[in-house]
Amino acid sequence: IRHVHLAESAYDAMSFAVINKVGLDLDECVFCSMGGQFSDTQVENLLKTYKGAILHLHFDNDAAGQAMECRAIALANGHKLRITPMEDRTDYSYEGKTFSIPAAENNTLRFCKLSGLSTSNIVIERAPSPYKDWNEVLMAARDRNIAQHSSAMSAVTYEKRKGYTL
């Protein structure tokens, strides 16, 4: 296994795999659902089991998803991260290092810059905006396909009534 994919839910993991199936070698991937939250031990054990694999993070486009990204990045670097959200900032600490990020600037990229943790073997693959997660992306694609199919079927039905075959 060369790629470990972590997602908040099983739906998100499956949705990401379906949407990106052309670019994935499924024989080299493992997909893991964190069930909405994860323990440090879960991620540590995954990283030990698949040592050297690239870690792909597919968490939601919200504050909880960003916090899970930061925790996973810290764990991939061998650190347990403590996150304390406040009204005006978020405090981060691990192994004696402590820093804060103002609420308006708090995101995973800022965390990575301030923490100094390596992201060389980590890929963050969030659902594209405006979607909250990969399942929403898949459902939107499905809805577009259904609408296109319905429109095409209406045209076929209309043409058949007029005596044409398509």
Side-chain angles (χ1 to χ4, degrees), residues 1-140:
I1 299 295
R2 294 182 48 215
H3 302 275
V4 174
H5 295 262
L6 301 184
E8 271 188 62
S9 75
Y11 287 119
D12 292 333
M14 291 184 291
S15 296
F16 178 85
V18 167
I19 292 165
N20 295 285
K21 65 185 170 193
V22 172
L24 295 173
D25 181 352
L26 295 178
D27 292 334
E28 295 187 359
C29 297
V30 64
F31 291 86
C32 304
S33 165
M34 298 290 100
Q37 194 54 260
F38 63 82
S39 72
D40 293 344
T41 304
Q42 283 176 297
V43 174
E44 289 168 337
N45 287 338
L46 274 170
L47 295 171
K48 283 179 196 171
T49 302
Y50 302 106
K51 191 170 180 74
I54 296 169
L55 182 61
H56 298 260
L57 305 177
H58 308 291
F59 298 123
D60 290 0
N61 286 328
D62 58 17
Q66 287 185 15
M68 291 197 327
E69 288 171 352
C70 295
R71 286 184 55 220
I73 290 166
L75 289 166
N77 281 270
H79 304 293
K80 294 183 183 204
L81 180 66
R82 183 165 185 238
I83 302 173
T84 309
M86 310 292 260
E87 191 170 317
D88 62 335
R89 70 182 191 283
T90 299
D91 296 335
Y92 297 90
S93 63
Y94 67 91
E95 312 246 342
K97 181 170 182 155
T98 302
F99 59 95
S100 297
I101 301 177
E105 300 171 23
N106 192 28
N107 59 53
T108 305
L109 180 60
R110 186 86 173 122
F111 165 80
C112 291
K113 286 181 180 179
L114 291 175
S115 70
L117 296 173
S118 172
T119 57
S120 62
N121 219 24
I122 300 169
V123 179
I124 297 172
E125 296 171 304
R126 285 193 203 121
S129 183
Y131 303 104
K132 179 178 91 68
D133 57 35
W134 285 103
N135 189 48
E136 279 190 6
V137 175
L138 184 62
M139 293 299 95

Minimal heavy-atom distance between L24 and C29, with the atoms involved, is CD2-SG, 4.4 Å
If you count the non-hydrogen atoms of other residues, nucleotides and ligands that lie under 6.0 Å from OH in Y11, is the total more than 12?
no
Return the CG to CD1 distance between L55 and I124, rounded to the nearest 0.5 Å.
9.5 Å
Indicate the ring-plane relationship of H3 and H5, choosing parallel, tilted or perpendicular according to the 30° and 60° boundaries.
tilted
Roughly how far apart are S33 OG and H58 NE2, rounded to 0.5 Å?
12.0 Å
Short side-chain to backbone donor-acceptor contact, S9 and D12, under 3.5 Å:
yes
For residues S93 and T98, report the shortest heavy-atom separation together with the two atoms involved.
CB-OG1, 3.5 Å
d(D62 CG, Q66 CD) to nearest 0.5 Å is 8.0 Å
Would you indicate whether the side-chain heavy atoms of T108 and F59 approach each other to under 4.5 Å?
no
Is a side-chain N or O of N20 found less than 3.5 angstrom from the main chain of G23, in a donor-acceptor match?
no
In the structure I gave you, are the side-chain heavy atoms of L75 and K80 within less than 4.5 Å of one another anywhere?
yes
So do V18 and W134 actually touch side chain to side chain, heavy atoms under 4.5 Å?
no
Test applied, side chain to side chain contact (heavy atoms under 4.5 Å, CB included); reference residue, V30; option that passes from T49, V4, L6
V4
Point-to-point distance, once rounded to the nearest 0.5 Å, from CD of E95 to CG of L81:
10.5 Å
Nearest heavy-atom pair of A13 and F31: which atoms, and what distance?
O-CD2, 4.0 Å
Please name all residues satisfying ring-ring contact (aromatic ring centres under 6.0 Å, His included) with H79, sequence neighbours left out, ordered by chain then number.
Y94
Using 0.5 Å steps for rounding, measure from the CG atom of D133 to the CZ atom of R126.
13.0 Å
Assess whether side chain to side chain contact (heavy atoms under 4.5 Å, CB included) is satisfied between N135 and E8, documenting all intermediate values.
CA-CA 11 Å; N135 189 48; E8 271 188 62; over 6 Å; no
For the pair N121 (side chain) and A53 (backbone), establish whether a donor and an acceptor sit closer than 3.5 Å, ignoring hydrogens and angles.
yes
Note: C70 and I83 closest approach over all heavy atoms is CB-CD1, 4.4 Å
Could you grab the distance from atom CD of Q42 to atom SG of C32, nearest 0.5 Å is fine?
9.0 Å
Residues A127 and V137: closest non-hydrogen pair is CB-CG2, 3.7 Å
Is it true that S118 and S120 share a donor-acceptor pair across their side chains at a distance under 3.5 Å?
yes
Do R71 and Q37 have side-chain N/O donor and acceptor atoms under 3.5 Å apart?
yes
Looking at D60 and K132, what are the two nearest heavy atoms and their distance?
OD2-NZ, 3.1 Å
Donor-acceptor check, side chain of N106 to backbone of I101, threshold 3.5 angstrom: yes or no?
no
